[in-house]
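For the numbers below, each heavy atom of this structure counts, side chains included, while hydrogens, waters and symmetry mates do not. Labels below follow one simple rule: chain letters A, B, ... track the order of the sequence lines, proteins then strands, and each chain is numbered from 1.
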Amino acid sequence: MRSSQLFGKTLRQAPADAENISHQLLTRAGFIQQIAAGIFSLQPLGNRSITKIRDIIRDEMDRAGGQEVNMPVVQPRDLWEESGRAETFVPPLASFKDRRERQMVIAPTHEETATAMARASVTSYRDLPFTIYQIQTKFRDETRPRGGLLRVREFEMKDAYSFDADEEGMDRSFQSMIGAYRRIFKRCGLDVVMVEADSGGIGGKDSNEFVLLTESGEDIILMSDESDYAANVEKAAFTKKSFPIGELGEVEEFATPGVKTIDELARQEGVSRSKTAKAVFYTVDGEVVVVTIRGDYDVNETKLRNLLGGSEPRLSTPEEVKAVGLVAGSASAVGLKGIRSVVDDSITMGSNYLAGANKEGFHLRNVNIDRDFKADILGDIAEAKKGYPSPDGKGKLVARRGIEVGHVFKLGNVYSSKMGAEYTDEDGQQNQILMGCYGIGVGRLLAAAVEANHDDSGMVLPRAIAPYDVYLAGLNLNDPDIAGKAEMLYESLQNAGYEVLFDDRDAPPGVKFKDADLMGIPARVVISSRSIENGGVEVKARAEKESVVVAETDTLEAVRKVLS
RNA sequence: CGGGGUGUAGCGCAGUGGUAGCGCACCCGCUUUGGGAGCGGGGGGCCCCGAGUUCGAAUCUCGGCACCCCGACCA
């Protein structure tokens with residue numbers, strides 16, 4: 001490609017509303033163009049990079065035994081009624097009515113469609129296992145798209161779905177996809193970590209995210225400083241501090257005028273926060289529930305949601321708290337009737353707590369679970385924080401930010417049970433198909449790669465995903481001799497199999513160098529009157545400062561070295 | 001969905017009541033060729049939209065829309 005013919009222009013300044021580095025660079029280099037919030041067009045350079053990423057993904061999916069399919073973007077809402085996600089999918093499904101007044105949705109993901117596909121053609125265990133995938137556009141009507149390509153509404157996603165007869169098979173498929181994912185990210189030049197994650201709106205039990213650790217990420221990852229434990233904060237566990245359980249004391253009420261918080265309570269009584277039982281109120285599906293957790297920990301709402309069965313909890317409003325007869329600041333689960341009680345297991349790792357008396361200005365001493373209040377649900381709802389002991393007993397947790405570039409889920413029978421995807425086993429029995437699903441955001445992967453690989457001058461892309469391999473800058477092209485040599489180089493580089501962007505513009509050298517750097521093309525070749533005086537052409541790696549001068553006849557070899 | 005901010009030329013910005021300007025980009029000419037060159041000339045704007053106030057609105061008022069950021073939520 002000749003720069004003089006290339007569609008798309010580089011910008012000296014990024015649009016003011018591009019705050020994110022990848023957004024700025026991708027825009028300035030002419031890779032992408034924003035059309036609306038979270039909706040982008042790809043220009044030729046961006047499209048070339050995306051195509052390369054897509055090809056890598058396809059290659060690894062096929063290698064892992066995946067079969068490519070294509071499912072519809074627009075689907076009848078009925079399909080989503082079957083799985084129950086017509087109501088529960090957050091962000092809301094984008095939908096519209098077709099000309100026959102039928103409700104249609106724009107697919108944000110394809111578990112339903114994939115399950116329907118399997119259901120239609122699987123009848124026997126002999127039909128299993130298999131994995132299908134597609135690379136295709138999704139639409140999710142996000143409340144807040146952000147960061148250029150990092151979080152968008154319309155995006156291309158590689159989504160894969162595995163179907164197995166039993167748990168062992170599902171695990172095998174799952175592991176096989178994990179292997180493919182690791183190879184994909186490696187080939188794209190990304191150093192990602194796999195972390196435990198919450199499965200959110202997709203469902204299923206186990207899920208893992210692939211995360212690029214970088215400060216610009218929006219996810220918080222907690223990882224052990226001594227072991228390979230790593231998890232998204234939504235999911236992260238830790239070893240809770242345990243205290244010896246002494247003799248249970250008598251409950252006694254005492255005055256705490258003006259005390260509204262755990263800190264104030266602990267200070268007044270001269271004890272650590274771990275001696276207090278904190279009560280927090282959440283409203284779930286219109287019902288107020290009381291959540292009790294030891295005073296030294298905070299509630300993780302994702303864990304709470306999962307314990308409560310999947311509905312989204314939110315902090316109750318003061319009005320709601322009042323309406324059920326509770327006193328904010330002096331509340332506890334003690335003596336409460338008709339209100340569901342959720343208790344963090346940290347409460348069982350100690351005794352004789354200070355807790356609210358459910359009476360303005362009073363608290364209780366020696367409050368103990370079971371004797372003084374009950375737990376309808378007991379489990380782990382504590383938020384892990386940096387410095388806490390790793391749950392595997394090895395080391396402390398440290399917090400890092402990261403970008404989620406891939407997510408894999410063990411779905412089990414979540415969809416097959418609801419949608420009736422079954423097969424007949426060797427014994428003639430009907431069984432539900434066990435599924436897994438696996439997603440990679442293609443555009444986000446490019447943005448993440450830029451976040452991870454740039455310097456002050458622009459992107460520094462790995463060859464595998466750069467739009468071109470070589471940036472050939474011809475200077476002094478008014479000189480027919482140099483122009484001729486540049487043309488010959490252009491030819492020979494292409495004949496050698498390189499993808500070359502030939503800057504043949506009548507522009508000053510600085511302009512060409514700036515553009516080459518901005519676009520992040522891994523190898524740069526310069527031919528000019530000066531390079532010829534110096535003995536040939538200059539070859540430089542984008543990631544290196546210094547160039548080397550080689551004889552024209554050695555150009556291919558020098559380029560090969562730079563790109564290897 | 002809450003809070004904050006911004007909408008003026010392709011991009012970055014100035015313009016506090018008298019009908020719009022600067023830098024870059026763009027076009028023409030000459031000059032120039034090692035890190036976004038120089039000189040001269042030129043083109044381009046429903047000043048986000050609508051209503052109002054005013055003799056007169058980019059500017060003031062009201063309403064709307066769009067976009068960005070923080071949070072909530074989210075793969």
Nearest nucleotide by nearest heavy atom, which residue falls closer to the 5' end of RNA chain B, A:T302 or A:N534?
-> A:N534
Report, as a single string ordered 5' to 3', how protein heavy atoms within less than 4.0 Å touch nucleotides 40-46 of chain B: B base, S sugar-phosphate only, - not at all.
-> -------
Do the side-chain N or O atoms of A:R144 get closer than 4.0 angstrom to the phosphate oxygens (OP1, OP2) of B:C70?
-> yes
Smallest separation among heavy atoms of A:A382 and A:D344, with atom names | N-OD1, 3.3 Å
B/S/- contact track for nucleotides 26-33 of chain B, protein heavy atom under 4.0 Å = S-----BB
Looking for any heavy atom pair under 4.0 Å, which part of the strands does A:R444 touch: base, sugar-phosphate only, or nothing?
-> base
pair_partner(B:G34), Watson-Crick or wobble, both distances < 3.5 Å, evaluates to none
With both distances under 3.5 angstrom, what nucleotide forms a Watson-Crick or G-U wobble pair with B:G21?
-> B:C13
With a non-hydrogen cut-off below 4.0 angstrom, is A:E142 in contact with a base, only sugar-phosphate, or nothing?
-> base
A:F513 side chain, from C-beta outward: closest of B:G35, B:C69, B:A75 | B:G35
Output yes when at least one side-chain N/O atom of A:Q34 is less than 4.0 Å from OP1 or OP2 of B:C68, else no.
-> yes
With the side chain of A:A16 defined as its heavy atoms from C-beta on, choose the nearest nucleotide among B:A37, B:G12, B:C68.
-> B:G12
Mind checking A:T109 for me? I need base, sugar-phosphate or nothing, with any heavy atom below 4.0 Å counting as a touch.
-> nothing
When all nucleic acid strands are considered with a 4.0 Å heavy-atom cut-off, which category describes A:G147: base, sugar-phosphate, or nothing?
-> sugar-phosphate
Considering only heavy side-chain atoms of A:R530, the closest of B:G34, B:C67, B:C73 is B:G34
Taking A:E404 as the fixed residue, which of A:N232, A:L212, A:D219 is the one that meets the side-chain contact (heavy atoms from CB on, under 4.5 Å) rule?
-> A:D219
Counterpart base for B:U6, defined by Watson-Crick or G-U wobble contacts under 3.5 Å | B:A66
Per atom distances to the A:F155 side chain, the nearest of B:C11, B:A72, B:A75 is B:A75
Check ion pair A:E544-A:K540 (N to O, under 4.0 angstrom) | no
A:R187 pairs by side-chain contact (heavy atoms from CB on, under 4.5 Å) with which of A:D55, A:I56, A:I57, A:I53?
-> A:I56
For A:S457, report the nucleic acid contact type (base, sugar-phosphate, nothing); a contact means any heavy atom under 4.0 Å.
-> nothing
Mapping A:G148 and A:D517 onto RNA chain B by nearest heavy atom, which one lands closer to the 5' end?
-> A:D517
Where the side chain of A:P15 is defined as all heavy atoms beyond and including C-beta, which of B:G12, B:G35, B:C69 is the nearest nucleotide?
-> B:G12
A:S22 and A:N20: side-chain hydrogen bond (donor to acceptor under 3.5 Å, both in side chains), yes or no, with the steps?
-> CA-CA 6 Å; A:S22 61; A:N20 208 270; 3.0 Å; yes
In whole Å, what separates the P atom of B:C68 from that of B:C11?
-> 14 Å
Side chain of A:R146 only, please: which of B:C69, B:G34, B:A37 is the nearest?
-> B:C69
Using purine N1 to pyrimidine N3 plus N6-O4 or O6-N4 for Watson-Crick, or N1-O2 and O6-N3 for G-U wobble, each under 3.5 Å, what pairs with B:G29?
-> B:C39
Is any N or O donor-acceptor pair between the side chain of A:T143 and the base of B:A72 shorter than 3.5 Å?
-> yes
Strand partner of B:U53, provided both Watson-Crick or wobble distances fall under 3.5 Å | none
Please report the shortest heavy-atom distance between A:W80 and A:Q75, naming the atom on each side.
-> NE1-OE1, 2.9 Å
Would you say the base of B:G34 and the side-chain of A:E538 have a donor-acceptor pair closer than 3.5 Å?
-> yes
Closest heavy-atom contact between A:S162 and A:Y438?
-> OG-OH, 2.7 Å
At their closest point, which heavy atom of A:M61 faces which heavy atom of A:Y181, and how far apart are they?
-> CE-CE1, 3.7 Å
Evaluate the side-chain proximity of A:R54 to A:K158: yes if any heavy-atom separation is below 4.5 Å, no if none is.
-> no
When the P atoms of B:G10 and B:C47 are considered, how many whole Å apart are they?
-> 12 Å
Could A:D198 and A:K303 be called an ion pair, given the rule that one side-chain N must be under 4.0 Å from one carboxylate O?
-> no
Listing, residues 32-45 of chain A side-chain donor-acceptor contacts under 3.5 Å, not counting sequence neighbours, or none:
residue	atom	partner	partner atom	Å
A:Q34	NE2	A:A36	O	3.0

Nucleotide forming a Watson-Crick or wobble pair with B:C1, both distances under 3.5 Å | B:G71
What is the nucleic acid contact for A:V152, judged by heavy atoms within less than 4.0 Å: base, sugar-phosphate only, or nothing?
-> base
Do A:E234 and B:A75 have a side chain to base donor-acceptor pair shorter than 3.5 Å?
-> no
Under 4.0 angstrom, heavy atoms only, what part of the nucleic acid is A:R524 near: base, sugar-phosphate, or nothing?
-> base
